[in-house]
Amino acid sequence: MAKSSTGENSRKRGSIRARGNALQVRVYAGVDPVTGKPSYLTETVRGTDKAA
């Protein structure tokens, strides 16, 4: 049975930060098989936290 991602033993896999008049969401996407470096997906959402 799969564990819930909101459970007590879950770990942080991304972040949300304010960037001027927008929010930037950054999520871990695994390791790049060629370089061996961590890979992240980033998306910017316009507006404040309430509007977004």
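Values reported hereafter were calculated over all heavy atoms of this structure, with side chains retained and with hydrogens, waters and symmetry mates removed.
- Rounding to the nearest 0.5 angstrom, the gap separating the CZ atom in Arg17 from the CZ atom in Arg26 is 7.0 Å.
- A cation-pi arrangement is not found for Arg13 relative to Tyr28, the charged atom failing to lie both closer than 6.0 Å to the ring centre and inside a 45° cone about the ring normal.
- Two residues are said to be in side-chain contact when any heavy atoms from C-beta on lie closer than 4.5 Å; Thr44 and Arg19 fail this criterion.
- Annotation for Leu41 and Ala29: closest pair CG-CB, 3.9 Å, computed over non-hydrogen atoms.
- With hydrophobic clusters built from ILVMFWY side chains whose heavy atoms lie under 4.5 angstrom apart, Ile16 shares a cluster with Val27.
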